[in-house]
Enquirer: 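I have a structure here, written as structure tokens, and I will follow up with some questions on it.
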Amino acid sequence: MILLDLLFPMRCPVCDRVLPLGKQICPQCAKNLKLIQSPFCRKCGKALPDSRQEYCGDCEQGTHLFREGRALYEYPCIRKSVYRFKYGGRKEYALFYGDEIARHLGKVILSWKPDALIPVPLHSSRKRKRGYNQAGALAAEVGKRLEIPVLSGLIVRVKNTTPLKLLTPAMRQNNLKRAFKICGNVVKLNTIIIIDDIYTTGSTVDAMAAVLQEAGIKHVYFIALAIGKG
């Protein structure tokens, strides 16, 4: 193992520099990571500027189909890392981020009593291009640490949607219509947690929740690696 580390040294998941032996993240990056801490929105988990607030502006103005969600980090502090994780072939970042989600959000995840974790699926053409689904890699690591089944094939993306970052909130909702399809037996599932890398407006989670609830799953939650400010 030591020889492998010397030949193929681990890199920091945040800055991508070579790490000292035995380290998961470089000390400076560890200081710069911004965890979502109270106060946060009681619905989607976005950080709030005022402890007297219960909900963020997005959740006050609209309704969501998911029951509740939480995120680990404020998006700006890991923006470049998430880009490499999604598009740069850095699947190994899931090891560190899976550890961090289990460590910081494990209690709330287990309190929801999930029957399974379901990663947001990629369309088959995008998965072929990237080589893996980053949400699937993240879900696998979280599931392993918290001993929760991961059902990667339960729901598939049948519509190759336009990247949501290019769309307005209204366009996102229309873009995701009929984008997902159930491809498995959900009879024994009552509560599931959707796993994704980034939460912005909730359009993707809501679109998946609609399909899952239509199939009979009562409670849908989500966990995201990072979340925007709305």
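Quick caveat, the model's predicted, so the values are computed rather than measured. Only this structure's heavy atoms are used, side chains among them; waters, hydrogens and symmetry mates stay out.
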Enquirer: Going only through I, L, V, M, F, W and Y residues with side-chain contacts under 4.5 Å, is there a path from Tyr199 to Ile109?
Expert: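 In one cluster with Tyr199: Ile109, no.
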
Enquirer: In Å, rounded to the nearest 0.5 Å, how long is the span from CD1 of Ile78 to CG of Leu225?
Expert: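 The CG atom of Leu225 is 4.0 Å from CD1 of Ile78, to the nearest 0.5 Å.
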
Enquirer: Fit a plane to each ring of Tyr221 and Trp112, take the angle between them on a 0 to 90° scale, and name the class: parallel (under 30°), tilted (30 to 60°) or perpendicular (over 60°).
Expert: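 Parallel, since the angle between the ring planes stays under 30°.
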
Enquirer: Roughly how far, to the nearest 0.5 Å, is the CD1 atom of Ile25 from the CG atom of Asp99?
Expert: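 CD1 of Ile25 is found 11.5 Å from CG of Asp99.
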
Enquirer: With a 4.5 Å limit on heavy-atom distance, are the side chains of Leu48 and Cys56 in contact?
Expert: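 In short, these two side chains touch, coming nearer than 4.5 Å.
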
Enquirer: Ignoring hydrogens, what is the shortest heavy-atom contact between Val186 and Ile182? Give both atom names and the distance.
Expert: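 That would be CG1-CG2, 4.1 Å.
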
Enquirer: Please find the pair of heavy atoms, one from Ala139 and one from Val150, that lie closest to each other, and give the distance.
Expert: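 Scanning both residues completely, I find the closest heavy atoms to be O-CG2, 3.3 Å.
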
Enquirer: Examine Ile36 and Ile194 and state if one hydrophobic cluster contains both, with Ile, Leu, Val, Met, Phe, Trp and Tyr joined whenever side-chain heavy atoms are less than 4.5 Å apart.
Expert: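 Yes.
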
Enquirer: Measure across Cys12 and Leu19 and return the closest heavy-atom pair with its distance rounded to 0.1 Å.
Expert: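 Heavy-atom minimum between the residues: N-CG, 3.4 Å.
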
Enquirer: For side-chain contact (heavy atoms from CB on, under 4.5 Å), just list the numbers for Ile118 and Ile193, CA-CA rounded to whole Å, side-chain angles, deciding distance to a tenth of an Å, and then say yes or no.
Expert: CA-CA 6 Å; Ile118 298 179; Ile193 298 176; over 6 Å; no

Enquirer: Decide yes or no on salt bridge (Lys or Arg N to Asp or Glu O under 4.0 Å) for Arg90 and Asp16, but give the supporting numbers first.
Expert: CA-CA 10 Å; Arg90 309 315 296 266; Asp16 205 41; 2.8 Å; yes

Enquirer: Decide whether Ile195 and Met208 are clustered together by the hydrophobic rule: side chain heavy atoms of Ile, Leu, Val, Met, Phe, Trp, Tyr closer than 4.5 Å, transitively.
Expert: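 No, Ile195 and Met208 fall in different hydrophobic clusters.
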
Enquirer: Any donor-acceptor pair under 3.5 Å linking the side chain of Glu74 with the backbone of Ala47?
Expert: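 Such a contact is absent between Glu74 side chain and Ala47 backbone.
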
Enquirer: Is there a donor-acceptor pair closer than 3.5 Å between any side-chain N or O of Ser51 and the backbone N or O of Pro39?
Expert: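 Side chain of Ser51 to backbone of Pro39, a donor-acceptor pair under 3.5 Å: no, none is there.
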
Enquirer: Run the numbers on Lys188 and Asp115 for side-chain contact (heavy atoms from CB on, under 4.5 Å), then give the verdict.
Expert: CA-CA 8 Å; Lys188 295 182 180 180; Asp115 297 306; over 6 Å; no

Enquirer: Test your reading of the model: is there a side-chain donor-acceptor pair from Asn133 to the backbone of Val120, 3.5 Å cut-off?
Expert: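 Flag set: sc Asn133 to bb Val120 pair under 3.5 Å.
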
Enquirer: Rounded to the nearest 0.5 Å, what separation is found between the CZ atom of Arg128 and the CG atom of Leu122?
Expert: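 Interatomic distance, Arg128 CZ to Leu122 CG, rounded to 0.5 Å: 11.5 Å.
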
Enquirer: Kindly indicate whether the side chain of Thr191, heavy atoms from C-beta on, has any atom under 4.5 Å from the side chain of Lys218.
Expert: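 The answer is no, as the side chains (C-beta and beyond) never meet within the 4.5 Å cut-off.
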
Enquirer: Thinking salt bridges, do Asp58 and Lys43 make one under a 4.0 Å N-O criterion?
Expert: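 Salt bridge between Asp58 and Lys43, a charged N being under 4.0 Å from a carboxylate O: no.
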
Enquirer: Would you tell me whether His219 and Arg67 have side-chain atoms, one donor and one acceptor, within less than 3.5 Å of each other?
Expert: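 Yes - a donor-acceptor pair under 3.5 Å links their side chains.
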
Enquirer: Can you check whether Ile155 reaches Val211 side chain to side chain, under 4.5 Å on heavy atoms?
Expert: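 Counting from C-beta outward, Ile155 and Val211 do come under 4.5 Å.
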
Enquirer: Please say yes or no: joined through hydrophobic side-chain contacts below 4.5 Å, possibly via intermediate residues, are Tyr83 and Phe96 part of one cluster?
Expert: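 Tyr83 and Phe96: separate clusters.
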
Enquirer: CG of Asn32 to SG of Cys77: how many Å apart, nearest 0.5 Å?
Expert: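 Result: 8.5 Å between the selected atoms.
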
Enquirer: Does Ser125 offer a backbone N or O that forms a donor-acceptor pair with the side chain of His123 under 3.5 Å?
Expert: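 Flag set: sc His123 to bb Ser125 pair under 3.5 Å.
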
Enquirer: Quick one: closest heavy-atom pair of Leu65 and Ala209, and the distance?
Expert: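 Minimum heavy-atom separation between Leu65 and Ala209: CB-CB, 3.9 Å.
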
Enquirer: Where do Arg157 and Thr204 land on the side-chain contact (heavy atoms from CB on, under 4.5 Å) test, with the steps shown first?
Expert: CA-CA 11 Å; Arg157 191 185 291 253; Thr204 300; 4.3 Å; yes

Enquirer: On a heavy-atom basis, which atom in Cys26 and which in Cys15 lie closest, and how many Å separate them?
Expert: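 Of all heavy-atom pairs spanning Cys26 and Cys15, the closest is SG-SG, 3.6 Å.
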
Enquirer: Please state whether the rings of Tyr93 and Tyr97 are parallel, tilted or perpendicular, taking 30° and 60° as the class boundaries.
Expert: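 The arrangement is perpendicular - the two ring planes meet at more than 60°.
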
Enquirer: Between the main-chain N or O of Val14 and the side-chain N or O of Arg84, is there a donor-acceptor pair closer than 3.5 Å?
Expert: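 Side chain of Arg84 to backbone of Val14, a donor-acceptor pair under 3.5 Å: yes, one is there.
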
Enquirer: Do the side chain of Arg145 and the main chain of Glu141 share a donor and acceptor less than 3.5 angstrom apart?
Expert: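 Here the side-chain-to-backbone pair exists.
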
Enquirer: Between Tyr75 and Asp197, do the side chains contain an N or O donor and an N or O acceptor separated by less than 3.5 Å?
Expert: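 There is no such pair (donor and acceptor under 3.5 Å, judged by atom type) between the side chains of Tyr75 and Asp197.
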
Enquirer: Is the shortest side-chain N to carboxylate O distance from Arg70 to Glu68 below 4.0 Å?
Expert: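 No, no charged N to carboxylate O under 4.0 Å.
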
Enquirer: Pick one: which of Leu117, Leu189, Asn185, Ile192 meets side-chain contact (heavy atoms from CB on, under 4.5 Å) with Leu151?
Expert: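 By the side-chain contact (heavy atoms from CB on, under 4.5 Å) criterion, Leu151 pairs with just one of Leu117, Leu189, Asn185, Ile192: Leu189.
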
Enquirer: Using only atom types and a distance under 3.5 Å, with no angle test, would you say the side chain of Lys129 pairs donor to acceptor with the backbone of Ser124?
Expert: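 Here the side-chain-to-backbone pair does not exist.
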
Enquirer: When rounded to the nearest 0.5 angstrom, what is the spacing between NZ in Lys144 and CD1 in Ile148?
Expert: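 Atom-to-atom, Lys144:NZ and Ile148:CD1 are 14.0 Å apart.
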
Enquirer: I'd like to know if Leu105 and Leu138 are part of one continuous hydrophobic network [Ile/Leu/Val/Met/Phe/Trp/Tyr, side-chain heavy atoms within less than 4.5 Å].
Expert: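 Per the 4.5 Å side-chain linkage, Leu138 and Leu105 are co-clustered.
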
Enquirer: Calculate, to the nearest 0.5 Å, the distance between atoms SG and CZ belonging to Cys29 and Arg17 respectively.
Expert: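 Those atoms lie 5.5 Å apart.
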
Enquirer: Anything under 30° is parallel, anything over 60° is perpendicular, the rest tilted; go ahead and classify Tyr132 against Phe85.
Expert: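 Answer is tilted, since the angle falls between 30° and 60°.
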
Enquirer: Using the side-chain contact (heavy atoms from CB on, under 4.5 Å) definition, which of the options Val205, Thr200, Thr201, Asp206 pairs with Ser203?
Expert: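 Among Val205, Thr200, Thr201, Asp206, the one meeting side-chain contact (heavy atoms from CB on, under 4.5 Å) with Ser203 is Thr201.
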
Enquirer: Minimum heavy-atom separation for Ala207 and Phe180, please, with both atom names.
Expert: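 Shortest heavy-atom separation between Ala207 and Phe180 comes out as CB-CE1, 3.8 Å.
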
Enquirer: Please determine whether side-chain contact (heavy atoms from CB on, under 4.5 Å) holds for the pair Arg130 and Lys86, giving the CA-CA distance in whole Å, both sets of side-chain angles, and the decisive distance to 0.1 Å.
Expert: CA-CA 8 Å; Arg130 294 186 195 177; Lys86 291 176 75 162; 4.0 Å; yes

